[in-house]
Amino acid sequence: MTNKLITPFIIFLFSSILNLFIKPSNASTTYNVLTFGAKPNGQIDATQSFLNAWRAACTSVEPATIYVPKGRYLIKEATFRGPCKSKITVKIDGTLVAPLDYWGIGNSGYWILFIKVDGISVIGGSIDAKGDGFWACRKSGNNNCPVGARSITFNWANDVVVSGLLSINSQVTHLVINSCNNVMVKNVKVIAPDQSPNTDGIHVQSSTNVTIIGCRIKTGDDCISIGPGTRNLWMENILCGPGHGVSIGSLGREYEEDGVQNVTLSYSIFTGSDNGLRIKSWARPSTSFVKNINYRNIVMKYVDNPIIIDQNYCPNNKNCPQQTSGVKISDVIYKNIEGTSTTEVAMNFDCSPSNPCQGIQIQDIKLTYMNKKAKSFCNNIQGTKKGVIWPATCI
């Protein structure tokens with residue numbers, strides 16, 4: 001063999017051997033839950049297998065993927081805890097199912113919980129909490145029902161992505177974002193009956209820089225609920241209904257309470273929902289507030305209360321405080337909102353007498369009451385109007 005042939009051969013051989021030992025910096029290690037003993041038949045408890053896969057991924061110094069193949073996996077209460085050494089992606093092609101006995105997850109408060117994890121992505125798949133048994137217990141008036149479990153929760157997590165997930169029949173709230181920063185929720189679907197109690201689709205609280213895009217939510221409570229401490233929330237292309245609309249609040253239940261600010265909802269459609277754009281607070285003293293809210297380019301299709309501010313919130317009229325709300329609402333914009341109300345009062349601004357709503361702006365509103373003229377109601381509100389306004393505003 002000549003030197004001209006030997007030299008390239010040696011270089012090729014050396015490179016091949018080197019590649020066996022050196023991985024590229026963007027390499028990712030995959031942990032298949034089947035390898036850890038999970039059975040995809042929906043009958044054998046796979047919880048520990050998932051937790052073992054998580055433990056391996058969490059200690060990996062390289063970005064890791066936990067892979068859930070097609071099939072049904074029986075999962076009981078599971079906490080996936082950080083901090084972890086690198087980013088983790090949970091790629092789901094199958095369905096996670098809760099036990100038929102609602103006590104199997106119902107007394108924990110959580111079904112699937114990610115806590116103190118940075119750089120976590122949950123991609124695809126379905127989760128079915130089988131909540132109908134729990135709802136039946138609650139509706140029966142039985143005082144011995146469990147508290148109910150949220151289906152998937154992120155607590156104290158940063159740089160979170162939830163994409164393409166389907167959540168079915170959660171016992172209570174489907175998806176919770178709590179005390180998180182930099183969160184992307186996209187193309188998520190939520191399904192539960194319109195009479196299923198407390199089944200909020202997505203709940204955000206004490207979190208900053210959250211984006212919710214392209215989500216389809218059909219449920220028995222708020223499609224999206226926004227709690228104290230939420231800042232910089234962007235929502236776009238949301239389909240809501242049935243459900244209770246997109247709600248800020250309820251706020252002001254406690255005296256010392258953080259507020260909500262910098263929230264935008266745009267290019268969204270409400271169909272057959274109890275409410276559209278709702279801000280609600282308890283009628284009692286509070287340090288809470290709502291400011292810099294922007295609703296624009298919204299369509300209402302047969303919605304009971306398309307636009308509503310309710311500062312006398314008291315569900316079921318039980319134990320109402322009968323005071324005035326201390327929650328300060330200011331700088332709320334309603335722009336280019338049109339459609340049909342199923343109640344005569346399409347715009348209802350019932351603000352606090354001790355803290356009137358200020359800086360409310362309405363522009364280009366076209367809401368009718370079953371193809372007739374609708375009405376508006378104003379109480380303790382200051383603001384401006386611009387463009388065509390149907391119904392005639394009382395601001």
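Positions are given from 1, in the same order as the sequence printed here. What you see is a predicted model, and the numbers here were worked out from it, not measured in a lab.
- Checked by atom type, the side-chain pair Ser196/Trp135 shows no donor-acceptor distance below 3.5 Å.
- A side-chain N or O of Asn312 and one of Asp350 form a donor-acceptor pair less than 3.5 Å apart.
- A pairwise comparison of heavy atoms in Thr342 and Met370 identifies CA-SD, 4.0 Å as the closest pair.
- Shortest non-hydrogen contact noted between Leu367 and Pro306 is CD1-CB, 3.9 Å.
- Remark: Lys280 is positioned above the aromatic ring of Tyr313, its terminal NZ or CZ atom under 6.0 angstrom from the ring centre and at most 45 degrees off the axis.
- Checked against the 6.0 Å centroid threshold, Phe349 and Phe377 do not count as a close aromatic pair.
- Annotation: Lys39, atom NZ; neighbour count of heavy atoms from other residues, nucleotides and ligands within 6.0 Å does not exceed 12.
- A side-chain N or O of Asn292 and one of Asn262 form a donor-acceptor pair less than 3.5 Å apart.
- Taking the charged nitrogens against the carboxylate oxygens, Lys366 and Asp364 have no contact shorter than 4.0 Å, which rules out a salt bridge.
- When all heavy atoms are compared, the tightest approach of Trp111 to Leu96 is CH2-O, 3.5 Å.
- Side chain to side chain, Ser225 and His203 meet the donor-acceptor criterion of an N or O pair below 3.5 Å.
- Looking at Asp93, Thr35, Asn32, Thr30 one by one, the single match for side chain to side chain donor-acceptor pair (under 3.5 Å) with Tyr67 turns out to be Asp93.
- Donor-acceptor pairing under 3.5 Å is lacking for the side chains of Asn158 and Asn182.
- Residue Arg253 places its CZ atom among 12 or fewer non-hydrogen atoms of other residues, nucleotides or ligands, all under 6.0 Å distant.
- Scored by the side-chain hydrogen bond (donor to acceptor under 3.5 Å, both in side chains) test, Ser151 finds Ser170 as partners (sequence neighbours excluded).
- Trp54 meets the ring-ring contact (aromatic ring centres under 6.0 Å, His included) test with Phe80, Phe114; sequence neighbours excluded.
- In the model, Ser352 has a side-chain atom that pairs as donor or acceptor with a side-chain atom of Ser354 under 3.5 Å.
- For Asp274 and His244, the side-chain atoms include at least one donor-acceptor pair closer than 3.5 Å.
- Side-chain polar atoms of Glu257 and Ser286 form no donor-acceptor pair below 3.5 angstrom.
- Within a 6.0 Å sphere centred on CZ of Arg216, heavy atoms belonging to other residues, nucleotides or ligands number more than 12.
- If you check the side chains of Thr230 and Ser207, you find no donor sitting under 3.5 Å from an acceptor.
- For the residue pair Ser325 and Ser281, a side-chain donor N or O sits within less than 3.5 Å of a side-chain acceptor on the partner.
- Asp45 and Thr47 share a side-chain donor-acceptor pair at under 3.5 Å.
- Side-chain atoms of Asn209 and Arg231 form no donor-acceptor pair, as typed in the model, at a separation below 3.5 Å.
- Across all their heavy atoms, Val147 and Val172 have their closest contact at O-CG1, 4.3 Å.
- Heavy atoms from other residues, nucleotides or ligands lying under 6.0 Å from NZ of Lys85 number 12 at most.
- Each of Ser250, Ser247, Ser273 was evaluated against Arg278; a single residue qualifies, Ser247, per the side chain to side chain donor-acceptor pair (under 3.5 Å) test.
- Side-chain N/O atoms of Asn155 and Ser179 include no donor and acceptor closer than 3.5 Å.
- Asn275 and Phe270 get closest at one heavy-atom pair: O-CD2, 3.9 Å.
- A donor atom on one side chain and an acceptor atom on the other are not found under 3.5 Å apart for Thr208 and Asn232.
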Check your understanding: Under the salt bridge (charged side-chain N to carboxylate O under 4.0 Å, His left out) criterion, do Asp132 and Lys130 qualify, and how do the steps go?
Key -> CA-CA 6 Å; Asp132 49 348; Lys130 299 186 179 297; over 6 Å; no
